[in-house]
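First the structure, in the form of structure tokens, and then the observations on it.
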Amino acid sequence: MRISSSLAIIAALALASCGKTPPTTGPSGFYTDLHLILNEGPFGTGTGTITAYNADTVIESAFALENGFPLGNVAQHMLESDSLLFVTINNSNRVRAINRNTLQHKWTVDLEQPRYLAAHGSNIFVSNWKDSAVYVLSKETGAQVDSIYVGNFPEQMIVFDNKLFVGVGTYEGPYKVAEINVNNFEVTLHNTGDVPNSFAVIGNELFVMNSGEQNWGVSPDTKSSIWKFSGSGFSEQVVAPNVNKHAISLVSDGTNGYFLNNSYDGAIVKWAPSQNWQTSTLTLPGGYQLNAHAGNLFFLDAKDYASNGELRVYSTSGDLLETIPAGVIPRQVIY
Amino acid sequence: MPEAVIRVESTCSHCHRREGRCGSEEPEDLAYEEYLMVLWVKYWNRMKNKTLLFLAVSCPVFVWGQIDTLWTADIIGQVSIGSEYRTSADSLASDVESASDYLQKDSRFILKQYSPGSVVASSFGGASSEQSRVLWDGIDISSMATGVLDLSLVPAMMLSSTSIVDGINGGASSNMGSMGALHLNLSSKTGRGASTAVGLTSIGERALNAHSWGSFSKIRYQSIVRFTSSDNEYDYRLGSLEGRLVGNGYGDLTYLQRFSGAMGKTYWSSDLWYTQSEKNNSGSILSPGYVNHLEDEVIRFKYKLRRGRNEMKLFASQEWQAYTDTMSSWTLRDTNTFGQFTAHYTRTEKRYNAHLVLNRYTAGGTNRTATVWMPQVELNLKPSQAWNAVLKAAQYHDQVYWSSYALYSRSKKPWLQQWSMGSYYRLPTLNEMYWNPGGNVGVSAERSYGAKYSLEHEGKWTIRFTTDQLYYDQMIQWAPGSDGNWTPQNYYSVYTSTTYLGVQRRIGHQQHAFNTTHQYSRILDMASNNANIIGKQLIYRPALQAVYTIEQEMPIGTLMLRGYYTGLRHTLRDNARAGELPAQSWIDLAYSLSSKSKRWQWVFRIENITGAQRQFYQFYPMPGRTYLLNIKLHS
């Protein structure tokens, strides 16, 4: 597998160096049909990377390869919208826009402690720890359109029913979900469980996974829970039976929800909105993040967090379909 | 007459060189006559010729010094150590620089540092920082809270030319290390005098070292005040990245005070060592603009009594740390304290030395509160001139740890050969056991088993070759545990092989000194889900390090050219290319000038004259060409 991957990389590089000049703009390019894995990179030292892959190609550090400079320290989140990739780079205090098809750099703006991204219309939204705000940037130029104060350390976001929902209160309360009108940026705060972590749309309804507090013995932990948005607010659906594990990464195949049953070392759990909290797992533990796409589950294993991780693709019944080598601390896939 | 004995009896405690090489000094210990006489009688018949010659051409106080060496670290007097060559520029550098800066001329020293003057993690000869120990007058002062001691806060003047005891011999000389030890001590001074050394660099460093010594009422004293600070700002170039590194300034203060004297037949000495430092770290060049601020204050006190065959050392230290981290959205403020009390009794007999040690370690502050007692017993056996053995036991955290070591020496002038083997343990630190979150009181001590061969040649060519083979089991590493929390775990089994070659030769007016260290390490087994790590090299260990020094005596002054090479290092456990630090080499050039009476000396030095790109951590570039001026006045 390693040899074939290496050959594939060499072949890809050879192709790239044999006169094929990917367009800097336009509908397609060398990376158009490649999937992209965002790797955080080593914390504090080193750089985040993007691994590009398809069935017979794996290109490590594709961004640096195309642009000649590193992505930045701790790549946090990546979003594809309108043939552009947007990447937040947490420790480097940057948001970058990249051509999705060529991985050519388009623009970079400095923004302190950016976290997650969402897009709507001609804007992208960037949650931000520094000011506990959501910044609104122009997709095309990165220019700041507005900033929306939402409170305590906003994290993951989702656009649902033409509204932007933001998890607020990453590691300390009050824990809220901010509902933002994407036209006038008015904010409504809703109650939710402790530590809103991730959103998923299951059966056309919005759910939020709350991980529960992890207090390291200083005070009691609290339980994970899943809450549902009803139009006027969120209500608790299920609660984990104990505080031993803190569930993260709620995703959906449209019908069912899937999540990792523990932070840093989770196994995939399948859950349907009509069910109680599920404890049986589809896979072994080891997951750092979970993504879902086209009926498959993308399980990102960061291994020991000090060497390259891997992406494992599972069916929704837990069958391992594919394993792809990734970079250091892989956390997200773009398809 | 066995060569091993000659080596012991004729080695100077000040410079640790063999007889006749040291322009030595009188001892501070004039009350130690009784013990000296025992040794004289014991060895008189065997070495009278050598001793008479020694007395005639040198000074008797060497022997006092040697006794001190025997007392402080028994096995050290026996093992092959090798002596560094100190150039004229080095001599002045040792008055101004920190130990970590100074030791870069030794290929056995592995340095990890973000920028000049920043916190140092170091090891000697292929080990991890926790496996290499730092000892002060035989007392292990490596922090049991973190496992390491920041050598950027240790004045280089506490190093002797034989401070590094490499490989498993170093492990045998310390209470819990396995690979390499650094022995610190303040060399004695005769008469009275004072010196002032000043250092300036083009990246904004200012250093001052004031040293005075003398006596009053039959009490000897030494006082040293050392102060360094630096803006630490410099231009960098790293591949396609260019810029100016700022925000890594630091300042530190060291005060050392020694009093010593005699009460009847009892020798006593007291040492006070105080350091205070403040260091900023602005992060890597990929994440500039943060300020991580570390304040550190340590006070160490040692009191030693020696009478006849008995010696008692009492050591106490307390360290305070305050750390402010603005890299995340929270301003993290951690405070840590670490305390150590050690009582060390030694009894010296003809065939053995026995040590009883009681240690008490405390750690407090934001993330843990813990106290651990560690009684130790150590027996140094000398069944014959050729054989030495060390048996050690320690009780730590309700468990008893045993280790043993044996050394066989064979000498035929000018050659010396030694074979040694031993078993070792590296005990988990208080942080590893009690850090909240993640501390693991169940983590086991690292065990290791090693063998070493040493070959030395003394003559026109001074050659030293050593090779160490070590097998480590249950190496400790922080990683996510089964409950998802990061916690220290017994992670690896590892094999390491470290080979050192040092050659010195004088050719006309030139002195050549070359040393190189080759390290091979492979992870043999591991307790995690990442099989890709098996067969890989340990991180941050260059396969090859080398230093070549040429010193040329000029009609006026002395010129030194020194080249450094550090091979490729991996920073990722699976040795992935994305984490490689490329091999780097750089050259220093220094010109030194002094008065005939040594009343003054100055050194002008250009470090990294070619502006080579260097880094010890990824995206933390070290300076390019840097200019230094050191001046010393002596009275």
Side-chain angles (χ1 to χ4, degrees), chain A residues 2 39 41-42 44-49 60-61 64 68-74 89-94 110 112-113 115 128-132 153 170-172 214-218 244-246 261-266 284-286 288 301-310 325 327-328, chain B residues 112 114 238-241 281 283-290 292 325-330 367 435-439 477-487 489 491-492 526-533 536 539 570-581 615-620:
Chain A
R2 176 168 291 280
N39 308 292
T45 64
T47 177
T49 58
E60 298 174 354
S61 303
F69 57 89
L71 188 62
N73 186 236
V74 185
I89 305 153
N90 193 359
N91 279 357
S92 289
N93 294 324
R94 282 178 174 152
D110 293 337
E112 286 195 70
Q113 294 157 11
R115 297 294 291 173
N128 155 273
W129 276 1
K130 178 70 175 178
D131 306 316
S132 290
F153 304 125
T170 307
Y171 293 104
E172 61 182 37
Q214 195 164 12
N215 292 312
W216 316 104
V218 176
N244 296 340
K245 294 185 174 180
H246 297 276
N261 65 355
N262 203 5
S263 58
Y264 293 111
D265 193 36
L284 291 172
Y288 176 53
D301 184 350
K303 302 289 186 182
D304 57 4
Y305 295 78
S307 56
N308 283 335
E310 68 183 20
V328 178
Chain B
K112 286 197 293 180
Y114 294 102
L238 208 57
S240 61
L241 303 171
N281 184 338
S284 83
I285 57 174
L286 298 184
S287 52
Y290 296 106
N292 298 311
D325 182 357
T326 65
M327 188 168 275
S328 64
S329 60
W330 303 276
N367 292 92
W435 190 265
N436 186 20
Q477 202 79 51
W478 283 75
S482 56
D483 61 356
N485 294 337
W486 285 70
T487 185
Q489 300 165 54
Y491 215 65
Y492 299 145
M526 61 175 307
S528 83
N529 64 342
N530 193 356
N532 290 336
I533 291 175
K536 297 301 193 306
I539 59 175
H570 297 285
T571 66
L572 300 176
R573 290 179 190 158
D574 59 354
N575 294 178
R577 287 198 62 187
E580 287 180 355
L581 292 171
Q615 45 186 336
F616 294 106
Y617 289 96
Q618 268 197 311
F619 300 109
Y620 284 84

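Naming: A, B, ... by sequence-line order, numbering from 1 per chain. Scope of the values below: all heavy atoms of this structure, side chains included, with no hydrogens, waters or symmetry mates.
- Not counting sequence neighbours, the partners of N281(B) by the side-chain contact (heavy atoms from CB on, under 4.5 Å) test are Y114(B), N248(B), N292(B), Y620(B).
- Remark: E580(B) pairs with no residue by the salt bridge (charged side-chain N to carboxylate O under 4.0 Å, His left out) rule, at least two apart or across chains.
- Between the side chain of S240(B) and the main chain of G68(A), a donor-acceptor pair closer than 3.5 Å is present.
- For P42(A) against L572(B), the heavy-atom pair with the smallest separation is CG-CD2, 3.9 Å.
- Between S307(A) and N532(B), the side chains place no donor N or O within less than 3.5 Å of an acceptor N or O (distance only, hydrogens not considered).
- A pairwise comparison of heavy atoms in N308(A) and A576(B) identifies ND2-CB, 3.0 Å as the closest pair.
- Atoms CG and CH2, on D304(A) and W486(B) in that order, are 7.5 Å from each other to the nearest 0.5 Å.
- Neither the backbone nor the side chain of I539(B) comes within less than 4.5 Å of any heavy atom of chain A.
- Only the side chain of D301(A) has a heavy atom closer than 4.5 Å to any heavy atom of chain B.
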Query raised in the report: Does the pair S92(A) and L286(B) meet the rule for a side-chain contact (heavy atoms from CB on, under 4.5 Å), with working shown?
Result: CA-CA 6 Å; S92(A) 289; L286(B) 298 184; 3.8 Å; yes

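- Here P70(A) is the residue among P70(A), G286(A), G72(A) with the most heavy-atom pairs under 4.5 Å with chain B.
- Contacts with chain A were tallied for N575(B), I285(B), N436(B); N436(B) has the most, counting heavy-atom pairs under 4.5 Å.
- The CG atom of N91(A) sits 5.5 Å away from the OG atom of S287(B) when rounded to the nearest 0.5 Å.
- Nearest heavy atom pair, residue T45(A) against residue Q618(B), reads CB-O, 3.9 Å.
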